[in-house]
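One-based numbering, in listed order, for ligands and for the atoms of each.
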Amino acid sequence: MSKIALATLATLQGAHAWGVLGHATVAYVAQHYLNAATASWAQGVLNDTSSSYLASIASWADTYRTTAAGKFSAPFHFIDAQDSPPSSCNVDYDRDCGSAGCSISAMANYTQRVGDGRLSAANVAEALKFLVHFVGDMTQPLHDEAYEVGGNDIAVKFQGYNDNLHADWDTYIPEALIGGDSLADAQSWASSLVSDIASGAYKSQAAGWIKGDTLGDVIGTATRWASDANALVCTVVMPNGVAALQQGDLYPTYYDAVIGTVELQIAKGGYRLANWLNMVYASNIAKREAGSVDARDASPLPDLLGRDLLPAARPATRAQLARAAMEGSCCGSGREHEHKH
Ligand SMILES: *[C@@H]1O[C@H](CO)[C@@H](O)[C@H](O)[C@H]1NC(C)=O
Ligand SMILES: *[C@@H]1O[C@H](CO)[C@@H](O)[C@H](O)[C@H]1NC(C)=O
Ligand SMILES: [Zn+2]
């Protein structure tokens with residue numbers, strides 16, 4: 001294979017939702033805020049007591065969705081908000097979550113499954129791995145947007161590459177900031193975000209990121225997370241419409257305008273994920289380990305396949321047909337052309 005073909009193959013494989021870097025960083029931020037008891041429960045579930053127990057599995061769901069066994073989970077990485085950016089941004093669960101599910105129904109399903117206690121260890125591990133990933137995906141604005149298939153169909157140029165807006169937000173913009181996508185890169189990005197939360201720019205906002213989050217209403221909570229990120233599609237991702245993004249290279253002017261939002265969203269995802277898992281641990285696992293009667297044990301079993309969590313089926317919309325043309329996937333393959341300078 002030629003050098004160019006190899007390089008192209010490498011960049012195609014490198015494209016994931018929030019790339020590997022973004023997901024691992026969300027996970028490291030979360031690890032910092034997990035209570036000790038939640039952390040050791042998660043390490044047990046994942047059978048990994050290393051210092052990267054969540055970061056190591058943070059992108060598992062992106063690999064799994066490309067396998068035959070995991071194809072069912074491809075729609076869980078996004079919700080196709082059928083709004084009209086940049087003039088109007090909004091998420092409506094009943095309107096936007098297709099009958100095959102979406103990120104919001106997946107949060108509800110895997111939150112129920114991770115804490116239920118009647119499933120196998122493998123099922124619980126699967127649920128935890130999905131949660132770690134989907135909380136991250138939901139903070140990426142273009143994972144909460146149907147327009148041009150979440151930006152996958154918006155051709156742009158970034159740092160001399162011809163690629164698409166979705167892949168730039170997932171992968172290339174974060175990597176332009178950090179300079180790599182290893183676990184060490186993610187860990188060092190996470191420490192800087194954690195200090196911004198502890199004593200820097202995010203100190204006054206962080207409580208607001210998790211305000212109102214409740215296991216009593218997972219669909220409502222996850223819909224707020226999706227709406228929060230979706231609003232950024234109108235205000236930050238494409239405030240002047242698509243044509244304005246296709247005038248030249250997005251680096252450095254557009255990059256400079258959005259990179260603060262990318263950092264904010266990654267920090268938010270990690271902080272939310274930790275709080276979510278701490279709540280799951282406290283209200284399900286801790287009670288069970290203490291042997292106290294779980295009220296749910298006396299109530300009818302929930303549908304552990306979560307079928308009751310989905311909105312009522314409706315005819316496919318144009319946005320859903322466009323997504324189907326991508327075989328239900330969340331993210332295009334990124335860079336399809338060789339590097340041109
Ligand atoms: C847990 O991990 C260890 C090594 O890291 C391995 O030997 C063991 O089989 C694993 N246990 C399970 C239940 O997967
Ligand atoms: C819930 O999770 C199970 C196991 O992965 C899956 O088979 C089922 O389709 C999921 N249901 C929803 C509504 O996401
Ligand atoms: Zn994903």
Side-chain angles (χ1 to χ4, degrees), residues 14-27 42-53 56-80 93 97-116 118-145 150-152 166-167 169-171 174 218-219 222 226 229 265-266 269 273 301-313 323 326 328-334:
H16 293 288
W18 268 144
V20 169
L21 173 67
H23 280 291
T25 307
V26 165
Q43 290 180 332
V45 168
L46 299 169
N47 189 29
D48 181 358
T49 53
S50 77
S51 61
S52 56
Y53 59 99
S56 300
I57 53 82
S59 287
W60 165 83
D62 276 331
T63 309
Y64 186 56
R65 71 179 160 81
T66 65
T67 67
K71 200 172 190 312
F72 75 95
S73 64
F76 302 171
H77 294 249
F78 56 85
I79 180 158
D80 269 337
Y93 180 65
C97 191
S99 56
C102 65
S103 51
I104 296 175
S105 59
M107 278 303 302
N109 186 43
Y110 293 109
T111 297
Q112 177 168 282
R113 289 172 68 88
V114 84
D116 188 83
R118 284 173 286 228
L119 291 168
S120 70
N123 283 157
V124 172
E126 176 205 61
L128 180 56
K129 289 188 283 186
F130 274 139
L131 290 176
V132 168
H133 186 85
F134 296 147
V135 175
D137 273 348
M138 292 183 78
T139 63
Q140 205 282 51
L142 289 170
H143 278 249
D144 306 285
E145 181 54 60
N152 279 286
H166 187 102
W169 270 80
D170 272 353
T171 303
V218 186
I219 299 278
Q265 292 305 98
I266 298 278
L273 174 61
L301 290 178
D303 173 10
L304 287 173
L305 289 181
R307 283 163 293 214
D308 53 328
L309 301 171
L310 293 170
R323 183 70 73 175
M326 280 184 65
S329 181
C330 62
C331 319
S333 47

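When atom types are taken as modelled, the side chain of Thr111 and the backbone of Ala108 share no donor-acceptor pair closer than 3.5 angstrom. A donor-acceptor pair is defined here as one N or O able to donate and one able to accept, closer than 3.5 Å; no such pair exists between the side chain of His133 and the backbone of Trp60. Thr67 contributes a side-chain N or O that, together with a main-chain N or O of Gly70, makes up a donor-acceptor pair within less than 3.5 Å. Proximity of a side-chain donor or acceptor of His23 to a complementary backbone N or O of Ser59 within less than 3.5 Å is not detected.
Note on Asp62: its N/O/S atom closest to the Zn ion (ligand 3) is OD1. As for Asp137, its N/O/S atom nearest the Zn ion (ligand 3) is the one called OD2.
The shortest N or O to N or O distance between Glu126 and ligand 2 is under 3.5 Å. At least one N or O atom of Leu305, backbone or side chain, sits closer than 3.5 Å to an N or O atom of ligand 2. Residue contacts with ligand 2: Ser105 is placed with no nitrogen or oxygen under 3.5 Å of a nitrogen or oxygen of the ligand (distance criterion only).
Of the heavy atoms in Asn109, only side-chain atoms (C-beta onward) come closer than 4.0 Å to ligand 2. Residue-level proximity to ligand 2 for Arg113 is carried by the side chain, the only part with a heavy atom below 4.0 angstrom.
Atoms of ligand 2 lying under 4.0 Å from at least one heavy atom of Gly306, given by number and element, are 13 (C). Counting the atoms of ligand 2 from 1 in the order shown, those under 4.0 Å from a heavy atom of Phe72 are 5 (O), 6 (C).
Taking the ring centre of Phe78 as origin, the terminal cationic atom of Arg323 falls inside the region bounded by 6.0 Å and 45° from the ring axis.
Looking only at atom types and distance, the side chain of Thr139 has a donor-acceptor partner in the side chain of Trp18 under 3.5 Å away.
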List, one per line, each side-chain donor-acceptor pair under 3.5 Å for residues 99-106, sequence neighbours excluded.
from, atom 1, to, atom 2, distance (Å)
Ser105, OG, Cys102, N, 2.9
Ser105, OG, Cys102, O, 3.1

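With rounding to the nearest 0.5 angstrom, the CG atom of Asp116 is 14.0 Å from the OH atom of Tyr110. Within the model, atoms CD of Gln112 and CG of Asp308 stand 6.5 Å from one another, a figure rounded to the nearest 0.5 Å. Remark: Leu128 CG to Leu46 CG distance equals 4.5 Å, nearest 0.5 Å. Rounding to the nearest 0.5 Å gives a distance of 6.5 Å between CG of Leu142 and NE2 of His166.
Residue contact annotation: His77 places an N/O/S atom under 2.8 Å from the Zn ion (ligand 3). At a threshold of 2.8 Å, the Zn ion (ligand 3) has a backbone or side-chain N, O or S atom of His133 nearer than that distance.
Pocket lining of ligand 1, defined as residues with a non-hydrogen atom under 4.0 Å away: Asn47.
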